[in-house]
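Supplied in structure tokens, the structure appears directly below.
Numbering of ligands and ligand atoms starts at 1, following listing order. All heavy atoms count here, side chains included; hydrogens, waters and symmetry mates do not.
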Amino acid sequence: MVDHWTPILTMTIPSTLRVLFLASEADPLVKVGGLGDVAGSLPKALHNLSGRRVDIRLVIPFHGSIRLKKEDLHLAAELVLPHRDGQILTKVYETTTNGLRVYLISGPPIPMESPVYSNDQQKDAFKYIYFSLAALQLTEKIGFCPHILHANDWHTSAAVYAMATHHSSASYLKSTASILQVHNLPYLGETTSPVLEGFGLPPSDHFRLPVWAQNMILPLGLLTADHIVTVSPTYAKEILTSEFGSGLQDFLRARANSISGILNGIDTEYWNPMNDQHIAAKFSCEIIQNRVENKRSLQEEINFRTNVEIPLIAMISRLDYQKGVDLAISALRILSDKPWQAIILGTGSPELEKALSQLEREFQNKFHPIFRFDPALSRKIYAGADMLLMPSRYEPCGLAQMIAMRYGCVPIAHSTGGLKDTIRDDPTFQDGTGFLFHEPTGGALASTIQRALDVHKQPNIWQQLQSNGMRMDFSWERSARKYLRLYETLIASKDL
Ligand code: ADP
């Protein structure tokens with residue numbers, strides 16, 4: 001495990017660093033989940049860094065949901081991708097977002113009508129492996145030879161593997177170093193094997209890779225990337241354990257020297273309570289007293305008793321087992337006779353929706369679930385609720401806790417992954433920004449909520465927690481500087 005990356009200074013780092021950044025989605029063009037946030041923000045932050053010029057080109061599939069005016073697009077290249085069943089004609093369009101050059105790959109494996117991720121794993125495998133190889137071939141067509149290939153999750157791992165195995169699509173990239181960023185390890189690309197072979201990418205028989213993983217694209221990327229980076233330092237350690245390693249822990253331990261973790265950031269302009277058009281009262285750390293207006297307004301909007309003394313607990317999350325929604329349900333039941341109000345905004349598992357609706361019947365007037373994806377309402381909740389629950393069983397990084405802190409909403413979270421790295425639970429409250437619990441059980445969460453309810457009764461201490469959280473620097477610039485250092489180190493070591 002590498003904690004500190006020190007550039008090797010015997011090598012001259014080029015004054016302009018060229019990076020090819022591949023992702024399945026990128027905000028604002030197309031966003032389905034957290035990966036879209038990262039691919040939308042990190043390249044932009046790297047591009048805007050002062051000090052060294054980073055010429056970063058973002059490549060994403062031209063999904064049907066991407067809406068762009070004709071005049072904002074131009075044809076950058078036409079490619080022919082070899083495949084066992086015949087050549088695949090490909091068009092690549094170029095556009096600019098936030099000053100960043102973006103390439104959109106278009107061809108039959110990326111049908112206009114199909115969603116970013118479908119239920120058909122074979123089709124998704126075909127789409128993303130094709131996309132990854134087309135992105136590599138594109139570099140030669142446009143004369144852009146990157147120092148770094150930065151791939152994300154299983155969708156773009158084929159680019160890493162193709163480069164390492166000297167696939168024809170990568171013939172231009174002889175000295176490019178590769179980074180594979182892992183956002184969520186359990187998505188291994190289980191059904192990618194026949195598709196890989198169709199594109200002339202054979203399985204590996206490397207002795208360290210478990211046999212069952214030798215034809216899955218994420219493990220193949222993890223095997224061959226020059227460096228693996230996870231989205232938080234703690235998650236980088238956790239994936240080496242049997243609990244979080246998805247069966248790859250022994251193999252990953254053997255690669256530990258090439259694994260590190262860099263926290264994601266949040267867009268601090270987009271998430272700025274001083275400039276948020278959706279909330280009732282704007283506020284900052286200096287005028288935190290204004291925040292109470294948002295709580296009152298939220299209580300009114302969801303038909304709760306309007307009393308700002310009652311602690312208001314919130315959760316904004318995918319409704320998924322990973323997120324510990326069931327733990328929140330049992331904790332609230334344990335604390336049923338305490339004074340609180342709670343709201344959950346989320347979409348996902350029908351079973352969890354049913355369980356939450358049942359809880360609402362038990363706790364009318366104090367518990368209200370809302371089953372929709374509603375970014376405007378999420379802002380009102382971050383700005384008005386007192387506490388945000390994040391009882392995730394595992395959490396590679398997590399954004400909601402960082403947004404909550406920026407909005408003075410104190411997180412109560414399971415001490416895992418990025419939650420552990422971003423939230424400080426200080427018993428003296430001097431440096432604290434939230435509350436952490438260690439065992440992912442309803443009981444442990446309930447006692448931690450109780451601890452928070454007790455502190456909430458002491459306004460001065462509570463305000464200290466809020467302002468500590470609001471002062472944290474979760475900006476992308478901070479993360480981008482760490483990526484830049486990692487790029488420099490890799491370039492230097494590749495050259496030695
Ligand atoms: P993950 O990416 O695993 O779903 P994160 O905490 O990293 O979890 O990011 C979740 C993001 O999605 C946050 O910005 C959160 O505010 C937002 N979000 C989740 N559910 C909803 C919802 N129902 N409505 C609006 N925003 C939501």
(message) Under 3.5 Å, is there a donor on one side chain and an acceptor on the other for N294 and Y407?
(response)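 Absent: no donor and acceptor within the cut-off.
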(request) Evaluate ring pair (Phe, Tyr, Trp, His ring centres under 6.0 Å) for H155 paired with Y117, printing each intermediate quantity in order. (result) CA-CA 10 Å; H155 322 101; Y117 311 113; 5.2 Å; yes
(request) Report the part of C397 (side chain from C-beta onward, or backbone N, CA, C, O) that has a heavy atom under 4.0 Å from ligand 1; answer both or neither where that applies. (result)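 C397 to ligand 1: no contact under 4.0 Å from either part.
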(request) Kindly confirm or rule out an N or O of I316 lying under 3.5 angstrom from an N or O of ligand 1. (result)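 No, no N or O pair falls under 3.5 Å.
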(message) Quick check on contacts: which atoms of ligand 1 are under 4.0 angstrom from a heavy atom of G34?
(response)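 By the 4.0 Å cutoff, the relevant atoms are 2 (O).
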(message) Looking at R291 and A385, would you say the former's side chain and the latter's main chain have a donor-acceptor pair under 3.5 Å?
(response)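 Indeed, once roles are kept as given, a pair shorter than 3.5 Å links the two residues.
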(request) Taking only heavy atoms of D374 into account, list the atoms of ligand 1 that are under 4.0 Å away from them. (result)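 That gives atoms 22 (C), 24 (N), 25 (C) of ligand 1.
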(message) Regarding atom 21 (C) of ligand 1: of the candidates F373, W271, Y270, which has the closest heavy atom?
(response)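 Residue with the shortest heavy-atom distance to the ligand atom: F373.
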(message) For atom 16 (O) of ligand 1, what is the closest protein heavy atom, and at what distance to 0.1 Å?
(response)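 Here the closest protein heavy atom is Y382 OH, 2.6 Å.
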(message) Whether R379 engages the ring of Y270 as a cation-pi pair (distance to the six-membered ring centre under 6.0 angstrom, angle to the ring normal within 45°) should be assessed.
(response)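 Yes; both conditions hold, so R379 lies above the ring face of Y270.
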(message) Please list all pairs meeting ring-ring contact (aromatic ring centres under 6.0 Å, His included) that have one or both residues in residues 294-332, counting only residues at least two apart or in different chains.
(response)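 Residue pairs passing ring-ring contact (aromatic ring centres under 6.0 Å, His included), neighbours aside: none found.
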(request) May I ask you to check whether F437 and H414 place their ring centres under 6.0 Å from each other? (result)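 H414 vs F437: aromatic centres under 6.0 Å.
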(message) If the contact criterion is a heavy-atom separation under 4.0 Å, does R372 count as touching ligand 1?
(response)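 R372 counts as a contact of ligand 1 under the 4.0 Å cut-off.
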(request) Scan I179, L22, V19 and name whichever one has a side chain to side chain contact (heavy atoms under 4.5 Å, CB included) with L149. (result)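 Testing each of I179, L22, V19 against L149, the sole residue satisfying side chain to side chain contact (heavy atoms under 4.5 Å, CB included) is L22.
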(request) Could you tell me which atoms of ligand 1, counted from 1 in the order shown, lie closer than 4.0 angstrom to a heavy atom of G398? (result)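 The list of qualifying atoms is 6 (O), 7 (O).
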(message) Using a 3.5 Å cut-off on N or O atoms only, is L399 in polar contact with ligand 1?
(response)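 Yes, at least one N or O pair falls under 3.5 Å.
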(message) If the contact criterion is a heavy-atom separation under 4.0 Å, does G33 count as touching ligand 1?
(response)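 In this structure, G33 fails to qualify as a contact of ligand 1 - no heavy atom is under 4.0 Å.
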(message) Just to check, does F371 reach to within less than 4.0 Å of ligand 1 when the distance is taken from its heavy atoms?
(response)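 Heavy atoms of F371 never come under 4.0 Å of ligand 1.
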(message) Quick check on contacts: which atoms of ligand 1 are under 4.0 angstrom from a heavy atom of G346?
(response)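 With G346 as reference, the close atoms of ligand 1 come out as 23 (N).
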(request) Is it possible for you to check whether K44 lies under 6.0 Å from the centre of the six-membered ring of W476, through NZ or CZ, and within 45° of that ring's axis? (result)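 Here K44 fails the 6.0 Å and 45° test against W476.
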(message) Taking atom NZ as the centre, does K420 end up with more than 12 heavy-atom neighbours from other residues, nucleotides or ligands that are less than 6.0 angstrom away?
(response)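 It does not: K420 NZ has 12 such atoms or fewer within range.
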(message) Distance under 4.0 Å to a non-hydrogen atom of R318: what atoms of ligand 1 satisfy this?
(response)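 Near R318, the atoms of ligand 1 are 1 (P), 3 (O), 4 (O).
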(message) Would Q401 count as a polar contact of ligand 1, with the cut-off being nitrogen or oxygen pairs under 3.5 Å?
(response)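 No, there is no polar N/O contact under 3.5 Å.
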(request) Please report which non-hydrogen protein atom sits nearest to atom 1 (P) of ligand 1, along with the residue it belongs to and the distance in Å to one decimal place. (result)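 Nearest protein contact, heavy atoms only, for atom 1 (P) of ligand 1 is K323 NZ, 3.5 Å.
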(message) Taking P396's backbone N and O only, do any of them form a donor-acceptor pair with S232's side chain (distance below 3.5 Å, no angle check)?
(response)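 Looks like yes, one N/O pair under 3.5 Å.
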(request) Show which atoms of ligand 1 fall inside a sub-4.0 Å distance from at least one heavy-atom site of L345. (result)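 Numbered from 1, ligand 1 contributes 22 (C), 23 (N), 24 (N).
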(message) Checking contacts now, so for atom 10 (C) of ligand 1, which I'm interested in, is there any protein heavy atom under 4.0 Å?
(response)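 There is no protein heavy atom less than 4.0 Å from atom 10 (C) of ligand 1.
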(message) Closer than 4.0 Å to some heavy atom of A400 - which atoms of ligand 1 meet that?
(response)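 In order of numbering, the contacting atoms are 6 (O).
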(request) Considering heavy atoms of the protein only, find what lies nearest to atom 14 (O) of ligand 1 and give residue, atom and distance to 0.1 Å. (result)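 It is I403 CD1, 3.5 Å.
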(request) Please indicate, with yes or no, if any protein heavy atom is found under 4.0 Å from atom 6 (O) of ligand 1? (result)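 So atom 6 (O) of ligand 1 has protein heavy-atom neighbours under 4.0 Å.
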(message) Please tell me whether K123 and S114 have a donor and an acceptor in their side chains that are separated by less than 3.5 angstrom.
(response)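 S114 and K123 do not have a side-chain donor-acceptor pair below 3.5 Å.
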(message) For the backbone of R393 and the side chain of Q322, can you confirm whether one donor and one acceptor N or O come within less than 3.5 Å of each other?
(response)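 No, the answer is negative, given that no donor and acceptor are paired below the 3.5 Å cut-off.
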